[in-house]
Student: 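Quick one: structure below, then a few questions.
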Amino acid sequence: MEYYVSVGLVAIAAVLSCFIGLPMLKIIQLSGYKARGVVAWWKGSGYDVIIRYAALMLFGFISTIVFVGCFSTFEYVRYCAVALYDILAVVFIVSAGKSGSNSAKFTGRVIRLLIVDLIITLALGAGVAVACYYSAYCQTLVAALAMLSPFVALAANAMTAPFEKLNNKKYVKRARAKLKEKSPIVIGITGSYGKTTAKNILKAMLAQQYTVATTPSSFNTPMGVCKTVNNDLGDERYFIVEMGARYKGDIKELCGIAQPKYGIITAVGDMHIETLGSRAGVANVKYELGESLPQDGLLVLNGYNADCAALKDRNAACRVVSVGDQAAVGYENLKISGDGTTFDLIIDGQKYPVTVALLGAHIAELVCVCAALAAECGITAEQIVAATTALRPVEHRLQLIPSADPSVAVIDDAYNSNPVGAKNALDVLACFDGKKIIITPGFVELGSIEKECNIQLGGQIAEVCDYAYLIGTRAKDIKKGALAAGMNDGAICEFSSRDEAVEALKEISGEKAVLFENDLPDNIK
């Protein structure tokens, strides 16, 4: 009987270890199920998660060995010590839940991953249970299950990867077949920033004459595109696909699924330099879109972005146009305010005054690239202007949030995390009255230039803001730049979470404008 109780408690310990590892599954999910993304998160967080698991293991080890040593003559010591560890594990899980370490979204892939994780952990637990039967001191090995939890999750991910690859091919094959059947004209949009906004602008323009489908929200991965095609695509004339990339070949893979005829590159910037190596690496990946277009296709480049404009010099099978000065499409007389963006849109030498309810200097550039492609599709200049004027803000992208307090203006730019976008956001913030506050964790995934860019951000904040509320591990670099630019030390506050920063806003009285710049995903500290 004692043996079975001991085995049962070890099995419970193994299950608890799986629960301990649930936040680890979330990091794997957010990293695109790539081990290198998980390792980068460990490194970026100072190996905080490994330290916490090690602390639990050490505490469990010490508690167990002390218990066995003190009560070695006790009849039920073999399973009482394991029960002690189970209690410690429950406390750890509850504490992690209160600190915001939530689990992954339980998609089919995550459920399969969790099952394999549980099988591996139970197998390890079975070995511990057998050892515990021969020596009570072997119960200390149960604590090692906690330390092994993140590595078991990675092992489970590696074991399920071949199946998932085959499973994904099924969805890709179905999506390609449906695209061939429906035969929409596919337009791919990529770039370091502005993809989602450009997608919405282009949709509004094309909708003046045609039916248009788009990938929703930020569905810019292969499975996101397949899901949209398989579940939502109808008989629309045009299908606009947003294309994201963190690694070489990502855009090429997306083009292999969607087979776009037209393409837009909104910008080449510093986003994902950490995974792509350099600005040149970013440009190469974005240009995978141009390399994938057919001879009768068209690639539109944002000529106002120098690195993007330089892509025109590359050889492409399709026709390539660049908007900007001396081009068929461009803008001038740009003015930004808290109410929107005003400029003269130039199409084939004709000027069209435009006022857009979208905020930021980059909006004019995005309107231009979309206008150039819309014109290629037969949309008239008058229709382009009408669609542009009717545009509404994109959620979480320089979106002015209605506030119950008329003295408080809230600008939500949570989905932008790049130096150009942040500068645009600060320029918009400068247009508002009252005390100006920014809440930001800074920039991520910029590789070797990340520190420099965050210091530079601090200097830009000092020029505009009365208060800087900084979140997370990059706060020290932003603060360094702000102080060097003359910002008062008392106006700079550091917080461990966005919720803490929002709570602190209550201490600032009077009229104020608050900019939320970037909101880091959970796999970045």
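Note that the numbering runs from 1 along the sequence shown for the chain.
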Student: Return the CZ to CG distance between F432 and L515, rounded to the nearest 0.5 Å.
Tutor: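 These two atoms lie 9.5 Å from each other.
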
Student: Start with the C-alpha distance between L113 and D117, add both sets of side-chain angles, then the distance that settles side-chain contact (heavy atoms from CB on, under 4.5 Å), and finish with yes or no.
Tutor: CA-CA 6 Å; L113 181 56; D117 187 306; 5.6 Å; no

Student: So, K248 and E288, do they make that salt bridge, N to O below 4.0 Å?
Tutor: no

Student: At what distance, to the nearest 0.5 angstrom, does OH of Y469 lie from CD of E500?
Tutor: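 Here the rounded value is 12.0 Å.
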
Student: Side chains of I346 and V329: closer than 4.5 Å at any heavy-atom pair?
Tutor: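 Not in contact.
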
Student: Working to the nearest 0.5 Å, report the span between CG of L373 and CD1 of I379.
Tutor: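 Nearest 0.5 Å value for the CG-CD1 distance: 10.0 Å.
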
Student: On a heavy-atom basis, which atom in K286 and which in S192 lie closest, and how many Å separate them?
Tutor: CE-N, 3.8 Å

Student: Using a cut-off of 6.0 Å, state whether more than 12 heavy atoms not belonging to E452 lie near its atom CD.
Tutor: no

Student: How close do I439 and V514 get, heavy atom to heavy atom, and via which atoms?
Tutor: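 In terms of heavy atoms, the two residues are closest at CD1-CG1, 4.1 Å.
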
Student: Do the charged groups of K479 and D489 touch, with an N to O distance under 4.0 Å?
Tutor: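 Salt bridge between K479 and D489, a charged N being under 4.0 Å from a carboxylate O: yes.
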
Student: Just do the side-chain contact (heavy atoms from CB on, under 4.5 Å) check on I492 and L483 with the steps written out, would you?
Tutor: CA-CA 9 Å; I492 305 171; L483 292 174; 3.8 Å; yes

Student: For N168, I'd like to know if atom CG has over 12 heavy atoms of other residues, nucleotides or ligands within 6.0 Å.
Tutor: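 Yes, CG of N168 has more than 12 neighbouring heavy atoms, counting only those of other groups under 6.0 Å.
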
Student: Would you confirm whether K476, through its side chain, and T473, through its main-chain N or O, come within 3.5 Å as a donor-acceptor pair?
Tutor: yes

Student: Indicate yes or no: does D344 engage K351 in a salt bridge with an N to O separation below 4.0 Å.
Tutor: no

Student: Scan L311, T190, N284, V285 and name whichever one has a side chain to side chain contact (heavy atoms under 4.5 Å, CB included) with V268.
Tutor: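 Going through the options one by one, the only one that passes is L311.
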
Student: Quick one: closest heavy-atom pair of E517 and A422, and the distance?
Tutor: OE2-CA, 3.5 Å

Student: So, do Y304 and Y331 have ring centers that fall under 6.0 Å from each other?
Tutor: yes

Student: Is K435 atom NZ crowded by more than 12 heavy atoms from other residues, nucleotides or ligands, each under 6.0 Å away?
Tutor: yes

Student: State, yes or no, whether a side-chain contact exists between N333 and F343 at a heavy-atom distance under 4.5 Å.
Tutor: no

Student: Can you measure from CD1 (I189) to CD1 (I187) and round to the nearest 0.5 angstrom?
Tutor: 7.0 Å

Student: Decide, yes or no, whether a salt bridge links D427 with K423 under the criterion of side-chain N to carboxylate O below 4.0 Å.
Tutor: yes

Student: Run D466 and K436 through salt bridge (Lys or Arg N to Asp or Glu O under 4.0 Å) and show every step you take.
Tutor: CA-CA 5 Å; D466 298 292; K436 299 171 182 62; 5.1 Å; no

Student: With heavy-atom distances below 4.5 Å as the criterion, would you say the side chains of I411 and I401 are in contact?
Tutor: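 No - every pair of side-chain heavy atoms lies 4.5 Å or more apart.
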
Student: Can you tell me how far apart CG (L154) and CD1 (I27) are? Round to the nearest 0.5 Å.
Tutor: 11.0 Å

Student: For G191 and T266, work out which heavy atoms get closest and say how close.
Tutor: CA-OG1, 3.3 Å

Student: Would a 4.5 Å heavy-atom cut-off, applied to side chains only, mark C370 and K203 as touching?
Tutor: no

Student: Could you grab the distance from atom CG of L470 to atom SG of C493, nearest 0.5 Å is fine?
Tutor: 8.0 Å

Student: Side-chain contact test, heavy atoms from C-beta onward, threshold under 4.5 Å: evaluate it for I265 versus K195 and give yes or no.
Tutor: no

Student: Decide side-chain contact (heavy atoms from CB on, under 4.5 Å) for L359 and I336; before the verdict, give the C-alpha distance in whole Å, the side-chain angles of both, and the deciding distance to 0.1 Å.
Tutor: CA-CA 7 Å; L359 304 176; I336 59 173; over 6 Å; no

Student: Quick one: closest heavy-atom pair of N454 and F443, and the distance?
Tutor: OD1-N, 2.8 Å

Student: Quick check: closest heavy atoms across I264 and L299, and the distance to 0.1 Å?
Tutor: N-CD1, 4.2 Å

Student: Evaluate E450 against R474 for salt bridge (Lys or Arg N to Asp or Glu O under 4.0 Å), listing each step before the verdict.
Tutor: CA-CA 9 Å; E450 183 176 289; R474 293 156 184 84; 3.0 Å; yes

Student: Run the side-chain contact (heavy atoms from CB on, under 4.5 Å) test on L25 and Q29 for me, step by step, so that the C-alpha distance in whole Å, both residues' side-chain angles and the decisive distance to 0.1 Å come before the verdict.
Tutor: CA-CA 6 Å; L25 296 186; Q29 187 180 52; over 6 Å; no

Student: Under a 4.0 Å threshold between the charged nitrogen and the carboxylate oxygen, would E242 count as salt-bridged to K199?
Tutor: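 E242 and K199: salt-bridged.
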
Student: Does L345 reach the side chain of C368, with side-chain heavy atoms less than 4.5 Å apart?
Tutor: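 Yes, side chains in contact.
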
